[in-house]
Structure formats: structure tokens, C-alpha cells
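Presented below is the structure to which this report refers.
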Amino acid sequence: MLLGATVVVLDDLSTGSEHNISHWLCNPKFMLIHGDTMLIDPDAVVAKHRPTHVFHLASPASPPHYQRDPVRTLMCNVQGTLNMLTLARSCSARFLLASTSEVYGDPEQHPQLESYNGSVNTFGPRACYDEGKRCAETLVYEHVRLYGMFTSTLRIFNTFGPRMQPDDGRVVSNFIVQAIRGEPLRVYGVGVQTRSFQFVHDLVDAMLIALVFREEPVDGPVNIGCPEERTIDDFASIVKGTLGRPDLGVVHEQAAIDDPQRRRPDITKARQLLGWQPKWSLDDGLAETVDYFLLRNASVKPKE
Ligand code: UDP
């Protein structure tokens with residue numbers, strides 16, 4: 001638990017699971033509010049809990065999840081972010097926005113620096129998430145400018161780890177589930193597109209440094225991710241190796257629309273201003289994640 005603090009979680013559990021926090025539920029310093037950031041009354045939350053730090057991560061983040069109800073995804077990032085900012089402002093709490101590498105769209109600059117304004121298609125299936133997060137960043141910017149709030153905007157690159165849902169739909173959990181089931185790994189497109197994968201513990205460290213352990217806020221957004229880049233075909237081989245299943249095949253399916261072709265963060269700003277860089281290797285992070293899926297997710301096991 002965070003330095004003895006009381007933690008109040010607000011979650012509609014639309015893409016998560018109460019099981020993931022079941023080990024905290026009987027702790028008197030932990031509380032789950034089953035609710036929606038778009039509908040919550042900020043004044044009521046402030047009156048009851050008076051938070052000192054608000055970590056705003058509420059949004060679906062996996063393409064199949066955020067595309068299921070696109071308008072809701074967009075509004076969750078606009079209205080939901082505005083509500084959480086209002087809440088934080090009214091009790092002078094610090095505020096962290098979980099933004100995303102998706103604000104860079106399908107980038108023309110590589111690796112991506114925070115100064116790059118991005119290349120997002122406003123008229124495509126990823127726009128509901130990308131534009132929602134871009135608008136959320138703007139809301140943060142205006143709250144800093146107008147009200148002098150202490151905020152932190154982290155542009156989070158692909159992140160994975162234990163407690164991902166087997167049906168999350170993103171590549172790490174999909175490949176692990178397929179390999180455990182002894183199925184071929186399904187790559188969208190020809191497999192030369194790249195991503196840079198960071199382990200969840202590194203992300204949590206960055207969030208705490210950025211919002212809790214700093215005297216002064218960092219100016220502007222900060223990339224948080226691992227600068228080691230892999231093609232999706234290479235990543236499929238790595239997952240097969242971790243599970244000891246090099247024999248499994250790979251099938252190439254239709255490419256996803258507007259799929260970013262290259263993604264790698266430049267983390268110079270995070271290194272210099274937060275003193276942060278990833279500590280976990282892809283191999284160690286994947287080993288932990290695979291263990292989790294093998295131990296916890298009976299539904300993932302191969303059918304007898
Ligand atoms: N991908 C894939 N197979 C899957 C899921 C994703 O080949 O089962 C590809 C996807 O097209 C993309 C990359 O893996 O190029 C990362 O996709 P993910 O959904 O994990 O994250 P995002 O696209 O948001 O970075």
C-alpha cells in the first residue's frame with residue numbers, strides 16, 4: 001500500500017476484474033467504489049474522501065475494447081477526465097493523467113519525442129481513443145494554465161504484466177493464451193510493425209515518482225516506456241520461446257486499420273527529469289506474466 005495511505009479505487013470494472021484486487025478488499029485502508037468517472041459527482045467524492053493524489057487511468061485501452069463502444073470511449077476520456085480534474089482541483093490534490101503513445105498516431109517521427117505532435121487519423125477506428133486522450137491532455141494543460149494545478153501527464157507505451165485479462169485482446173495476452181493452448185500465434189498484417197514493451201512494475205514506479213515523490217511538477221507530457229523495439233513477428237518467437245513451444249506456427253491475418261507501423265519512445269525526458277528508466281527486461285517480465293497465466297487462468301489451459 002502506498003506509504004500507509006488510504007486508497008480509494010473508482011472503477012466500473014468494464015474491462016477489469018474485481019478478482020484482481022480481491023487481496024485488498026478486506027484491508028481497512030482500501031475501498032472500491034463501483035462507479036463511472038463520467039457519472040460520478042466530484043463534490044460527493046471530495047466531501048467523503050478528500051484525496052490528496054488522483055491517479056486517473058479510467059479508460060478502456062485495448063483496441064477491441066475501446067472500439068466496442070467508441071463514443072463512450074471518447075466521452076470517458078473527455079467527460080471522465082474533466083470530472084476527475086474538477087474533483088482534484090476542488091481539494092487541491094495532485095493529478096496524474098495516464099495518457100498514451102497513441103497520441104502520436106501512426107508516427108512519422110521515430111523514435112517518438114514528446115515534442116512530436118503526432119499523426120492521428122481523426123476518421124478511423126482508433127480515433128475514439130487517440131482523440132479522446134489528446135483531448136484529455138488538453139484538459140490537463142488548461143487546468144494547469146488556468147488554475148495552477150500540480151499535474152503529471154505520462155504518455156504510456158505498450159505495457160504488460162500479471163493480472164491482464166485473458167480476453168484483453170492486446171498482443172501480449174493474446175500470444176500467451178494462444179501458446180498455452182497450443183494454437184498458432186495470430187499476427188495481424190505481415191508482422192514487421194514494431195512495438196516496445198514495458199513491464200507493469202516499471203510503469204508503477206514512474207507514476208509514483210512523477211506524482212508523489214517530486215517537489216515540483218514536470219512541465220508537459222513525459223514518455224514512459226521501454227526503448228527496446230521488436231517486430232511483432234520477433235515478439236511471437238520470443239513468446240513461443242518463453243513457453244518452450246518453438247514448434248508452434250504463426251499465421252498472418254488481415255492487418256488492423258490504421259495500425260501504427262513503428263513505435264518506440266525516446267525517454268530522455270523521463271531519464272533527466274524523473275531519474276527514471278525501465279529496470280525490467282522483456283524476458284523477465286514475460287516469464288512473470290506467463291507464470292501468472294499458467295497459475296491463475298484455468299480458462300486459458302488447453303482443452304482436455
Ligand atoms: N497484434 C497481433 N495479434 C494480436 C493482437 C495484436 O498481431 O492478437 C498486433 C497489432 O496489430 C499491433 C501490435 O500487435 O501491430 C500491438 O497491438 P496491441 O493491440 O497489443 O496494442 P496497440 O496496437 O494498441 O499498440
Side-chain angles (χ1 to χ4, degrees), residues 2 5-18 20-21 24 29-62 65-103 120 122 126-156 159 203-204 206-208 210-212 217-222 224:
L2 179 57
T6 298
V7 174
V8 180
V9 171
L10 169 62
D11 197 331
D12 68 356
L13 298 172
S14 55
T15 60
S17 156
E18 197 170 315
N20 283 347
I21 48 168
W24 288 116
K29 293 196 145 200
F30 184 91
M31 179 182 294
L32 171 66
I33 304 173
H34 193 165
D36 185 329
T37 53
M38 279 187 284
L39 303 175
I40 198 116
D41 174 2
D43 292 339
V45 177
V46 170
K48 192 156 182 205
H49 301 291
R50 293 212 71 78
T52 54
H53 299 77
V54 175
F55 294 83
H56 176 45
L57 294 92
S59 170
S62 159
H65 288 166
Y66 68 64
Q67 289 167 11
R68 200 162 48 203
D69 190 344
V71 175
R72 186 175 163 79
T73 298
L74 188 59
M75 294 316 294
C76 156
N77 280 294
V78 179
Q79 188 61 52
T81 300
L82 180 58
N83 283 348
M84 292 300 104
L85 278 162
T86 303
L87 186 160
R89 184 185 151 216
S90 70
C91 54
S92 303
R94 295 182 176 192
F95 180 90
L96 181 141
L97 173 67
S99 186
T100 170
S101 52
E102 284 283 330
V103 300
V120 172
T122 60
R126 298 179 88 95
C128 58
Y129 183 65
D130 300 8
E131 293 297 332
K133 287 290 185 186
R134 288 171 70 92
C135 185
E137 288 199 5
T138 308
L139 285 165
V140 171
Y141 170 80
E142 292 299 353
H143 278 68
V144 173
R145 200 174 64 83
L146 294 169
Y147 311 118
M149 284 178 66
F150 186 123
T151 69
S152 174
T153 295
L154 302 186
R155 290 184 175 158
I156 301 166
T159 304
L203 170 60
V204 173
M207 288 180 161
L208 292 177
L211 197 70
V212 180
V218 175
D219 193 22
V222 185
I224 297 296

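Any value given below was found using the heavy atoms of this structure, including those in side chains, with hydrogens, waters and symmetry copies removed.
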Taking every heavy atom of Cys128 against every heavy atom of Thr73, the minimum-distance pair comes out as O-CG2, 4.0 Å
Heavy-atom nearest pair, Pro51 first then Ala93, reads O-CB, 3.3 Å
OH of Tyr129 to CD of Glu102, rounded to nearest 0.5 Å, is 7.0 Å
- Message: Does any part of the side chain of Ile33, heavy atoms only, come nearer than 4.5 Å to the side chain of Val8, both counted from C-beta?
- Response: yes
Sorted by chain and number, sequence neighbours left out, side-chain contact (heavy atoms from CB on, under 4.5 Å) with Val218 holds for Arg214, Val222, Lys269, Leu273, Leu274
Ala58 and Cys76 have their tightest heavy-atom pair at O-SG, 3.4 Å
In short, Ser99 meets Val103 closest at the heavy-atom pair OG-CG1, 3.7 Å
Point to revise | Whether over 12 other heavy atoms sit under 6.0 Å from Phe150 CZ | key: yes
inquiry  = For the backbone of Leu96 and the side chain of His56, can you confirm whether one donor and one acceptor N or O come within less than 3.5 Å of each other?
reply    = no
| query | Taking it one step at a time, do Glu18 and Asp11 satisfy side chain to side chain contact (heavy atoms under 4.5 Å, CB included)? | reply | CA-CA 9 Å; Glu18 197 170 315; Asp11 197 331; over 6 Å; no
Across all chains, not counting sequence neighbours, the side-chain contact (heavy atoms from CB on, under 4.5 Å) partners of Val204 are Val200, Leu208
Value for CG (Leu10) from CG (Asn83), rounded to nearest 0.5 Å, stands at 10.0 Å
Contacts satisfying salt bridge (charged side-chain N to carboxylate O under 4.0 Å, His left out) that involve residues 34-44 (not counting sequence neighbours) are Asp36-Arg72
In this structure, CD1 of Ile21 is separated from CZ of Phe30 (nearest 0.5 Å) by 4.0 Å
Given the options Leu85, Leu211, Leu87, Phe95 meets side-chain contact (heavy atoms from CB on, under 4.5 Å) only with Leu85
Could you walk me through whether Ser101 and Arg155 satisfy the side chain to side chain contact (heavy atoms under 4.5 Å, CB included) test, starting with their C-alpha distance in whole Å, then the side-chain angles of each, then the deciding distance to 0.1 Å, before giving a yes or no? CA-CA 5 Å; Ser101 52; Arg155 290 184 175 158; 5.8 Å; no
Could you walk me through whether Ser59 and Tyr66 pass side chain to side chain contact (heavy atoms under 4.5 Å, CB included), step by step?
CA-CA 8 Å; Ser59 170; Tyr66 68 64; 5.8 Å; no
So OG1 of Thr159 and CD1 of Ile224: to nearest 0.5 Å the spacing works out to 9.5 Å
### Query
With distance as the sole test, does Thr37 use its side chain to make a donor-acceptor pair with the main-chain N or O of Gly80 at under 3.5 Å?
no
Rounding to 0.5 Å, atoms CZ (Arg50) and OG (Ser92) come to a distance of 8.0 Å
Under 3.5 Å, side chain of Asn77 to main-chain N/O of Lys133, donor-acceptor pair present? no
Between Ala127 and Thr122, the two heavy atoms sitting closest are CB-O, 3.4 Å
Exercise. Would you please test Arg134 and Glu137 for salt bridge (Lys or Arg N to Asp or Glu O under 4.0 Å) and show each step?
Key: CA-CA 5 Å; Arg134 288 171 70 92; Glu137 288 199 5; over 6 Å; no
Would you say Met149 and Val140 make side-chain contact, with heavy atoms under 4.5 Å? no
task = Step by step, work out the side chain to side chain contact (heavy atoms under 4.5 Å, CB included) result for Met207 and Leu57.
result = CA-CA 11 Å; Met207 288 180 161; Leu57 294 92; 3.5 Å; yes
The reported gap from CZ in Arg94 to CZ in Phe55 (rounded to nearest 0.5 angstrom) is 10.0 Å
